[in-house]
Amino acid sequence: MSDIIQLLPDSVANQIAAGEVIQRPSSVIKELVENAIDAGATLIQVVVAEAGKASIQVIDNGCGMSETDARLSFERHATSKIRKATDLFALRTMGFRGEALASIAAVAQVELRTRTKDQELGVKIRIDGSKLVEQTPISCPVGANFAVRNLFYNIPVRRKFLKSNQTELANITAEFERIALAHPDIAFKLYNQDTLLLDLPTANFHQRIAGIFGRKQSGELIPISVETELATITGFVGTPESAKKKGARQFFFTNGRFMRHPYFAKAVATAYEWLIPEGENVPFFINFQMNPERIDVNIHPTKTEIKFQDEQMVWQILLAAVREALNRFNAIPTIDFDTENKPEIPVAPSYLGRSHTPNVPRTSMPAQSAAILSSYDHAHNIYNKDVSQQDAAIPQSLIDTGAESQSHEIGSAENAIQLAGKYIITADDVSGLLAIDIRRAHLRVLYEQYLTSAEAQRSLSQGMLFPQEVKLSAAEASFLESNIDTLRKLGFDIVVAEDRTYMLRGIPLGTEGLDPTQLLQNVINDALDETTTIAGESQSHRLALALARRAAMPAGVELSAEELQHLLTSLAACKNSAYTPEGLPTYRRLALSDIEALF
């Protein structure tokens, strides 16, 4: 039998490594910017075209590289950061594996121009798919200028799986924001084509947060600070009033490196127990300074996961730091549990209870969402979205495809009853009963109304007495300006100001009770969310769904007979009355034979 084990060519090995390290254009930016930080740069500029698919350019004023180092840097496992295995457990730099440049060069066309301060001439190196094409001396500034073109040009299947330009640009700005937050002492600029998306001068941490997310966000923050032998924790957490159901900005950094850590996020959430409704989250921007020998950043190719040697102790320190900050902010009443004659602790307010159903007053059907949500902003998403076992396997043909569903009369309000504030029980037009989910039914009705509005040349908008200023992040602003016509058709009267600032003069009908600026941000973030699943991939569909989710009735609504009939009639008129846009059933039928079988 002949031998079958072979060593892979370097080009193939690099492409395999690229599959772990380079997943999308934002991955390229992360690796190149982190290298620039390690090079001591004080100004880093990033320029992208076609959301990084056509080109990515990263320019820094760091120390630069000699001709030999520049050529060697593209070899796999070539690194200046480590010399021996034990160095992996005392890392003080962003990059260290020596895989990034080799991985990028394996799946793109790369040009590097670089010079050190002690050299009169620099060097230009061009590599296409791991193959050296050119190496010549040139005149260039001190630092490094990387140009990465045609990402995945030699792996078409990988390129096919890239998302839309809008989604990839959102990923780029999110990655850029994370790095810029971690290093406020460095100036950053981000360009999309010729448009300057972010211009961040050197600043302190609080100023950097304001520069990226606006003064409103930075004004909702409480400082935290604690120093122990194990860890120093500094940064900011949000006030209880800044909590939201979705889209809260949450960032952890360890030794200048962004990380994801659900366990530590739970510590922050624990500090806010009974201060915010269940399911809501506060923003936080928290830095950990740790002895690098007590953490391991080498457990994931993207280096966004970090293992802590003293995880439980750090969790306790973080919890105590956040609680102490909230106490100083007077968010938590101070009670001495060690004294005698302990004070009686009052029962938590009913609106914070886990199973409370708000007593929502009746209101006219067309504007009922506004009245409900104006008084019960935090109750908006109490509705239990869990899907039962029988709901889980919904035929794809029944999910929203734009085709009309089999229509029929969806009951009558004359003998309808409401159950648990969540369902309508009514006789159907055949024989038996229908159980209709109120929120899902309303969501379907609103979705089709908003989609019709978004795709038509008309707008259903309610003017605001006092226009409000909205400051958006770079990702949000980019999305808004790319979809401003659709947003206006949905009812958002938006005027572009400057520097990611906008004036909101009107909002969609039926949302008058919601906070206008928060509504706009929530709709944008929901539409940007890649986990949003609907059959239509157009932004009109995604925006219509995002707005319908925010405006749909919460649980606990008591409807009059007229309002019941209006909802049932509107649902019956929908193209696909049986399912929400995500494919969840709006109603279930219980046939007469099923009822008889119960007896």
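Everything quoted here is computed from the prediction, not taken from an experiment.
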So that I can tick it off, tell me whether Asp493 and Arg505 are bridged by a salt bridge, with the cut-off set at under 4.0 angstrom between side-chain N and carboxylate O. yes

Taking ring pair (Phe, Tyr, Trp, His ring centres under 6.0 Å) as the definition, give me every residue that meets it alongside Phe252, ordered by chain and number, with sequence neighbours left out. Phe284, Phe288

Between Leu514 and Ile507, does the side-chain contact (heavy atoms from CB on, under 4.5 Å) criterion hold? Intermediate values first, please. CA-CA 9 Å; Leu514 291 169; Ile507 55 177; over 6 Å; no

Beyond-backbone contact of Leu519 with Asp515, side-chain heavy atoms, under 4.5 angstrom: no

Partners meeting ring pair (Phe, Tyr, Trp, His ring centres under 6.0 Å) with Phe188 (sequence neighbours left out): Phe176

Can I get a per-line list of side-chain donor-acceptor pairs under 3.5 Å for residues 475-484, giving both atom names and the distance, sequence neighbours left out?
{"unit_1": "Glu476", "atom_1": "OE1", "unit_2": "Arg249", "atom_2": "NH2", "d": "3.0"}
{"unit_1": "Glu476", "atom_1": "OE1", "unit_2": "Ser473", "atom_2": "N", "d": "3.0"}
{"unit_1": "Glu476", "atom_1": "OE1", "unit_2": "Ser473", "atom_2": "OG", "d": "3.3"}
{"unit_1": "Glu476", "atom_1": "OE2", "unit_2": "Arg249", "atom_2": "NH2", "d": "2.9"}
{"unit_1": "Glu476", "atom_1": "OE2", "unit_2": "Asn525", "atom_2": "ND2", "d": "3.1"}
{"unit_1": "Glu481", "atom_1": "OE2", "unit_2": "Tyr502", "atom_2": "OH", "d": "2.6"}
{"unit_1": "Ser482", "atom_1": "OG", "unit_2": "Gln166", "atom_2": "OE1", "d": "2.8"}
{"unit_1": "Ser482", "atom_1": "OG", "unit_2": "Ser478", "atom_2": "O", "d": "3.0"}
{"unit_1": "Asn483", "atom_1": "ND2", "unit_2": "Phe479", "atom_2": "O", "d": "2.9"}

Please enumerate all residues that pass side-chain hydrogen bond (donor to acceptor under 3.5 Å, both in side chains) together with Asn165, with sequence neighbours excluded. Lys53

Salt bridge or not for Glu220 and Arg215, using N-O below 4.0 Å? no

Kindly indicate, with the supporting measurements, whether the criterion side-chain contact (heavy atoms from CB on, under 4.5 Å) is fulfilled by Val107 and Leu151. CA-CA 6 Å; Val107 294; Leu151 186 63; 4.0 Å; yes

Across all chains, not counting sequence neighbours, the side-chain hydrogen bond (donor to acceptor under 3.5 Å, both in side chains) partners of Asn150 are Gln109

I'd like to know if the side chain of Thr270 reaches the main chain of Lys266, judged simply by a donor and an acceptor atom lying under 3.5 Å from each other, with no hydrogens or angles considered. yes

If the condition is side chain to side chain contact (heavy atoms under 4.5 Å, CB included), which residues does Gln468 pass it with, not counting sequence neighbours? Met464, Pro516, Thr517

Can you tell me if His541 uses its side chain to pair, donor with acceptor, with the backbone of Leu451 under 3.5 Å? no

CG/Asp194: more than 12 non-hydrogen atoms of other groups inside 6.0 Å: no

Kindly say whether Leu162 contributes a backbone atom to a donor-acceptor pair with the side chain of Arg24 at under 3.5 angstrom? no

Counting N and O atoms only, with roles assigned by atom type, does the side chain of Tyr447 sit under 3.5 Å from a partner on the main chain of Ala546, one being a donor and the other an acceptor? no

Before accepting this row, confirm whether a basic side-chain N of the pair Glu111/Arg113 lies closer than 4.0 Å to the acidic partner's carboxylate O. yes

Asp310: side-chain hydrogen bond (donor to acceptor under 3.5 Å, both in side chains) partners, not counting sequence neighbours: Arg294

Only counting residues at least two apart or in another chain, list the ones meeting ring pair (Phe, Tyr, Trp, His ring centres under 6.0 Å) with Tyr263. Trp315

Excluding sequence neighbours, so at least two apart, what forms side chain to side chain contact (heavy atoms under 4.5 Å, CB included) with Thr234? Ser225, Thr232, Asn287

Side chains of Glu305 and His261: any donor to acceptor distance under 3.5 Å? no

With Asp128 via side-chain hydrogen bond (donor to acceptor under 3.5 Å, both in side chains) - residues at least two apart: none

Is it the case that the side chains of Asn145 and Thr114 hold a donor-acceptor pair, with the cut-off being a distance below 3.5 Å and no angle test? no

Could I get the full list of side chain to side chain contact (heavy atoms under 4.5 Å, CB included) partners for Val142, not counting sequence neighbours? Arg115, Lys117

I'd like to check the side chain to side chain contact (heavy atoms under 4.5 Å, CB included) partners of Tyr191; sequence neighbours left out, ordered by chain and number. Gln45, Val47, Lys189, Leu196

Main chain of Ala544, side chain of Arg549: is a donor-acceptor contact present, judged purely on distance under 3.5 Å? no

Walk me through whether Arg500 and Leu197 qualify under side-chain contact (heavy atoms from CB on, under 4.5 Å). CA-CA 8 Å; Arg500 295 181 282 117; Leu197 297 182; 5.9 Å; no

Got a salt bridge between Asp526 and Arg542, using NZ or NE/NH1/NH2 to carboxylate O under 4.0 Å? no

Phe285 and Phe251 aromatic centres sub-6.0 Å: yes

Apply side-chain contact (heavy atoms from CB on, under 4.5 Å) to residues Val48 and Val46 and explain how you reach the verdict. CA-CA 7 Å; Val48 299; Val46 177; 4.1 Å; yes

Step by step, work out the salt bridge (charged side-chain N to carboxylate O under 4.0 Å, His left out) result for Lys244 and Glu280. CA-CA 5 Å; Lys244 58 175 66 174; Glu280 295 203 351; over 6 Å; no

